[in-house]
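Step one of this worksheet: look at the structure below.
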Amino acid sequence: MMMRTLPLALLLAFTLSACSPKYDWRDYRSPDAPYSVLFPGKPAKQTRTVKLGELDVSMTMTAADIDGVVFAIGSAQLADAAQVQAALAAMQTAMVNNIGGALASSKPLDNGAREIDASGKSMRLLGRFMTRERRVYQVVVIGAPQKIEAETVETFFSSFRLL
């Protein structure tokens, strides 16, 4: 009797784990910046001072890691609206440098944002960078190329809304 129960228990455990969703999409509204987004898991938040070109800014990063793929939103408010374009360019450069990569593509979007695709030795970065008034945003997905799924990237990117 015990021998029959063990395989049944293993089969049940395997079946239940197979039914567990990899992504647990949840609506997130930032308390720090006016945006909302769907994260594929419970996000964590950190604020720290970063250098964007010549500027030192307080940037808040909110991110969820699903199987080694990071879905993240970064935002910072600048002192002067004249600084936003330089800060956006510095954000893009810093993100590509963080993966030791090079741009594969960079294109403007209809909403004024810029979308990039960059690859490093073992990492891929997909990102959208935008601004509103004095605030800059980066919406990025970073991970091993074989782990990044186009459908989840599109869900994450298309759910991002400036409020």
Side-chain angles (χ1 to χ4, degrees), residues 9-52 57-77 87-132 135-163:
L10 288 174
L11 180 61
L12 182 59
F14 176 76
T15 303
L16 289 176
S17 69
C19 293
S20 297
K22 182 176 179 179
Y23 301 102
D24 179 17
W25 293 101
R26 52 186 75 199
D27 187 40
Y28 177 84
R29 293 186 184 280
S30 172
D32 306 301
Y35 73 84
S36 68
V37 70
L38 288 175
F39 272 106
K42 185 176 180 181
K45 183 176 86 166
Q46 179 183 26
T47 301
R48 66 183 184 127
T49 301
V50 298
K51 193 121 177 117
L52 294 179
V57 299
S58 177
M59 178 173 278
T60 299
M61 290 293 290
T62 306
D65 182 324
I66 306 297
D67 291 337
V69 177
V70 176
F71 297 78
I73 309 287
S75 69
Q77 185 155 324
L88 278 178
M91 286 171 83
Q92 291 173 50
T93 299
M95 292 302 296
V96 173
N97 289 343
N98 284 345
I99 66 165
L103 279 178
S105 69
S106 176
K107 65 180 179 182
L109 300 176
D110 292 341
N111 62 2
R114 177 154 295 277
E115 183 173 272
I116 68 167
D117 185 345
S119 293
K121 190 173 187 175
S122 62
M123 301 293 276
R124 183 175 181 202
L125 162 70
L126 298 161
R128 289 188 178 172
F129 298 83
M130 65 211 70
T131 183
R132 178 182 279 170
R135 190 169 288 278
V136 291
Y137 299 89
Q138 61 185 24
V139 181
V140 296
V141 177
I142 304 167
Q146 68 275 16
K147 288 189 168 190
I148 295 176
E149 300 171 7
E151 185 178 321
T152 57
V153 172
E154 183 54 34
T155 298
F156 183 61
F157 282 175
S158 65
S159 72
F160 181 81
R161 299 278 184 265
L162 292 174
L163 305 175

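Quick note: residue numbers are just sequence positions, from 1.
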Just how far is it from atom [atom1] of [X] to atom [atom2] of [Y], taken to the nearest 0.5 Å?
| X | Y | atom1 | atom2 | answer |
| --- | --- | --- | --- | --- |
| I148 | M123 | CD1 | CE | 7.5 Å |
| I116 | L126 | CD1 | CG | 8.5 Å |
| M95 | I142 | CE | CD1 | 3.5 Å |
| L52 | M59 | CG | CE | 5.0 Å |
| D32 | R135 | CG | CZ | 7.5 Å |

Any idea which heavy atoms bring [X] and [Y] closest together, and the distance?
| X | Y | result |
| --- | --- | --- |
| S158 | T155 | OG-O, 3.5 Å |
| P43 | R26 | CD-CD, 4.1 Å |
| A76 | S58 | CB-O, 3.6 Å |
| I66 | P40 | CD1-O, 3.5 Å |
| I99 | S119 | CD1-C, 4.0 Å |
| V96 | L103 | CG2-CD2, 4.0 Å |

query = Is the CD atom of Q146 crowded by more than 12 outside heavy atoms at less than 6.0 Å?
reply = yes
message = I'd like to know whether L163 forms a side-chain contact (heavy atoms from CB on, under 4.5 Å) with R29, so could you lay out the CA-CA distance, the side-chain angles of the two residues, the decisive distance to 0.1 Å, and finally the verdict.
response = CA-CA 9 Å; L163 305 175; R29 293 186 184 280; 3.7 Å; yes
Salt bridge K42-D24, side-chain N to carboxylate O under 4.0 Å = no
message = With salt bridge (charged side-chain N to carboxylate O under 4.0 Å, His left out) as the rule and sequence neighbours excluded, what pairs involving residues 107-116 come up?
response = K107-E115, E115-R128
task = Evaluate the ring planes of F160 and Y137, with Trp represented by its six-membered ring, and classify them as parallel (under 30°), tilted (30 to 60°) or perpendicular (over 60°).
result = perpendicular
ask   = What is the ring orientation for F156 with F39, classed by angle as parallel under 30°, tilted 30 to 60°, or perpendicular over 60°?
value = tilted
request  = Apply the test side-chain contact (heavy atoms from CB on, under 4.5 Å) to residues V139 and M130: give CA-CA distance (whole Å), side-chain angles for both, the deciding distance (0.1 Å), then the verdict.
outcome  = CA-CA 9 Å; V139 181; M130 65 211 70; 4.1 Å; yes
key: Side chain to side chain, V140 and F129, heavy atoms closer than 4.5 Å   = yes
key: V136 vs Q138, side-chain contact (heavy atoms from CB on, under 4.5 Å): CA-CA, chis, key distance, verdict   = CA-CA 7 Å; V136 291; Q138 61 185 24; over 6 Å; no
